[in-house]
Amino acid sequence: MLVPGGSVCQQRRRPSVVRGGGSMAPHVYIEELARHEGQEVVIKGWLYNKRSSGKLHFLEVRDGTGIVQTVVFHKDVSPEMFAAADRLAQETALEVTGTVRKHPKLPEHEISVRDLRVVAAPTQEYPIGPKDHGTAFLMDHRHLWLRSKLQHAALRVRAEIVAAIRGFFDGRGFTLVDAPIFTPAACEGTTNLFEVGYFDEKAYLTQSGQLYMEAGAMALGKVYCFGPTFRAEKSKTRRHLTEFWMVEPEVAFMDLDGDMDLAEDLIVAVVEQVLGRRRRELETLGRDPGRLEQVKRPFPRITYAEAIAILQQAGKEAKSGDDFGGDEETVISERFDRPVLIHRYPADIKAFYMKRDPEDPRLALCVDVIAPEGYGEIIGGGQREDDLAKVEASIAAHDLPRQAFEWYLDLRRYGTVPHAGFGLGVERTVAWLCGLHHVRETIPFPRMLERLSP
RNA sequence: UCCGGCGUAGCUCAGUCGGUAGAGCAGGCGGCUGUUAACCGCCGGGCCGGGGGUUCGAGUCCCUCCGCCGGAGCCA
């Protein structure tokens with residue numbers, strides 16, 4: 001029975017599909033429809049789009065797993081239901097009962113409708129139509145925009161990437177060690193950290209769980225943390241969020257080479273799993289899987305000095321001692337068909353905990369991974385300084401408050417060992433795999449310089 | 001913070017040389033038995049971001065403020 005608006009509460013109390021005779025059709029999700037060809041099923045979802053051809057209405061219904069075209073033919077339903085079906089507004093919540101069959105024109109399935117029930121009609125016009133909208137408008141309606149095809153696909157790929165990352169580390173004997181979100185005053189300088197009140201003192205939202213993972217690695221050997229991190233940088237680019245997710249493995253008795261192997265293995269595993277399980281979503285996003293199928297071992301590994309040489313050959317002004325901006329990363333990444341590892345940057349442009357290269361102490365045993373196609377740095381990491389005196393000296397040289405690092409120095413006092421790790425930025429990885437222009441579409445509710453809501 | 005750009009109907013936009021506000025979509029009504037951002041006909045819909053200035057006259061030119069977008073720096 002179709003009820004266009006009103007008496008919704010009553011309907012909710014009696015959620016069964018009202019229809020004459022026969023057994024109740026099973027509730028099926030749209031992504032499973034192919035297995036039910038020829039059967040009568042119930043789809044529970046929302047009206048995505050509607051077309052009509054007089055005696056025939058085409059209702060596109062989405063249920064979170066996909067979108068299916070349902071066909072209402074005037075001879076299959078009552079005249080009242082047929083007329084009401086034509087009046088359904090976009091995003092009406094629906095239960096549709098009908099038979100699954102092959103689409104006559106497309107390689108997919110459709111449903112010929114026998115019964116329709118409105119669960120809830122919209123109280124006002126849905127703001128996002130099947131037409132162009134600007135990003136500001138869409139971001140203001142992010143809570144609704146998530147229902148759209150491309151956003152839906154991107155979030156599913158994101159979830160797959162997160163699952164792949166967890167599966168990768170869990171399968172290799174890593175232990176998940178959650179790092180704190182509140183951190184005490186002054187870790188790596190506070191200018192780009194979000195300050196919050198913490199009872200009678202100040203605290204800062206974490207910008208990395210790494211130091212805590214070093215403690216974790218000394219306790220559990222192979223560890224990783226996975227959570228949100230925060231940067232109060234006034235960055236306005238398509239690669240930046242103020243709140244983003246990072247996975248940070250840390251391994252005791254591992255050196256830089258082992259670190260690079262681990263980073264490479266992780267990326268290959270994630271790409272493989274996404275290609276294997278989310279190909280349909282990549283297609284929806286217009287992402288050519290061929291570009292991702294090239295992401296196989298081994299990745300090119302170049303030194304910082306070689307990267308500078310590439311930039312100079314390309315006519316860019318680059319001299320040793322410069323860090324790379326987005327442009328430089330793009331120039332380098334375009335030389336390769338897969339991610340490129342750049343290692344051994346000058347130590348003085350890197351963080352205090354980086355171990356120096358014994359073969360050239362001006363260099364740090366660090367590595368950045370630059371994604372292909374200009375998606376930028378997705379990994380930064382390296383081997384950590386494990387010598388107590390050298391860490392102490394580095395803390396002093398960076399003007400960091402020694403007191404706050406006493407616990408960190410303890411890790412070098414009680415059985416210090418070589419260790420290494422890295423951080424992988426989830427949103428940039430999602431942007432790369434999905435082929436999205438901007439990281440704001442890679443996270444459900446992005447937090448940016450000018451965006452704190454919804 | 002700096003540089004550049006944009007604010008016109010619910011949405012996306014056009015608006016000439018300064019001369020009384022336009023289209024498509026969405027909404028409403030009607031038509032169509034296979035549509036694909038369906039299509040066809042009709043109808044309603046405006047603080048032209050706010051303030052100030054120039055002018056007989058400002059959506060249009062100038063100043064200013066606000067909001068947003070893109071990029072740089074910084075970084076994942």
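So that the names make sense, note that chain A is the first sequence line, chain B the second, and so on, each numbered from 1.
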Between [N] atom [atom2] and [X] atom [atom1], what is the distance in whole Å?
X: A/Phe324; N: B/A76; atom1: CZ; atom2: C1'; answer: 16 Å
X: A/Lys236; N: B/C68; atom1: NZ; atom2: P; answer: 8 Å
X: A/Phe230; N: B/A76; atom1: CZ; atom2: P; answer: 16 Å
X: A/Arg239; N: B/G71; atom1: CZ; atom2: C1'; answer: 10 Å
X: A/Leu452; N: B/C68; atom1: CG; atom2: C1'; answer: 16 Å
X: A/Tyr126; N: B/G27; atom1: OH; atom2: P; answer: 14 Å

So what does [X] hit on the nucleic acid, given a heavy-atom distance under 4.0 Å: a base, only sugar-phosphate, or nothing?
X: A/Gly134; answer: sugar-phosphate
X: A/Pro127; answer: nothing
X: A/Gln69; answer: base
X: A/Glu377; answer: sugar-phosphate
X: A/Ile378; answer: sugar-phosphate
X: A/Gln124; answer: nothing
X: A/Ser52; answer: base
X: A/Phe137; answer: sugar-phosphate
X: A/Leu241; answer: base

Give a yes/no on whether any side-chain N or O of [X] is located under 4.0 angstrom from OP1 or OP2 of [N].
X: A/Arg238; N: B/G71; result: yes
X: A/Arg440; N: B/G70; result: yes
X: A/His438; N: B/G70; result: yes

Donor-acceptor contact present, side-chain [X] to main-chain [Y], <3.5 Å:
X: A/Thr183; Y: A/Tyr204; answer: yes
X: A/Tyr126; Y: A/Leu144; answer: yes
X: A/His398; Y: A/Leu400; answer: no
X: A/Asp63; Y: A/Ile30; answer: yes

request  = Consider only side-chain N and O atoms of A/Arg356 and A/Gln383, and report whether a donor and an acceptor are under 3.5 Å apart.
outcome  =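 Distance-only check fails for A/Arg356 and A/Gln383.
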
Suppose you measure atom [atom1] in [N] against the same atom in [M]; what distance do you get, rounded to whole Å?
N: B/G67; M: B/G50; atom1: C1'; result: 10 Å
N: B/A21; M: B/G4; atom1: P; result: 33 Å
N: B/C11; M: B/C65; atom1: C1'; result: 27 Å
N: B/G51; M: B/A58; atom1: P; result: 14 Å
N: B/C39; M: B/U55; atom1: C1'; result: 48 Å
N: B/G44; M: B/G22; atom1: P; result: 13 Å
N: B/A26; M: B/A37; atom1: C1'; result: 12 Å
N: B/U54; M: B/C68; atom1: P; result: 32 Å

By nearest atom, which of the nucleotides [options] is closest to the [X] side chain?
X: A/Ser235; options: B/C74, B/A37, B/G70; result: B/C74
X: A/Lys234; options: B/G73, B/A38, B/C74; result: B/G73
X: A/His133; options: B/C68, B/C11, B/G34; result: B/C11
X: A/Asn49; options: B/U33, B/A76, B/A38; result: B/A38
X: A/His437; options: B/A38, B/G71, B/U33; result: B/G71
X: A/His240; options: B/C75, B/A38, B/G71; result: B/C75

Does [X] get its side chain close enough to the base of [N], under 3.5 Å, for a donor-acceptor pair?
X: A/Arg428; N: B/C75; answer: yes
X: A/Thr135; N: B/C69; answer: no
X: A/Arg101; N: B/G34; answer: yes
X: A/Glu125; N: B/G28; answer: no

Tested for side chain to side chain donor-acceptor pair (under 3.5 Å) against A/Glu264, the lone hit among A/Arg297, A/Lys296, A/Arg338 is A/Arg297

| Planes under 30° and centres closer than 5.5 Å, is that true for A/Phe58 with the base of B/G34? |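 Base of B/G34: not stacked against A/Phe58.
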
Heavy-atom nearest nucleotide on RNA chain B taken for A/Lys55 and for A/Ile379; more 5' hit belongs to A/Lys55

Between A/Ile379 and A/Ala263, the two heavy atoms sitting closest are CD1-CB, 3.9 Å

In Watson-Crick or G-U wobble terms, with both distances under 3.5 Å, the base opposite B/G70 is B/C3

Check your understanding: What is the pairing partner of B/U16, taking Watson-Crick or G-U wobble pairs with both distances under 3.5 Å in any strand?
Key ->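 B/U16 is unpaired by these criteria.
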
Q. A/Phe324 vs A/Tyr304 aromatic rings, parallel, tilted or perpendicular, using cut-offs 30° and 60°?
A. parallel

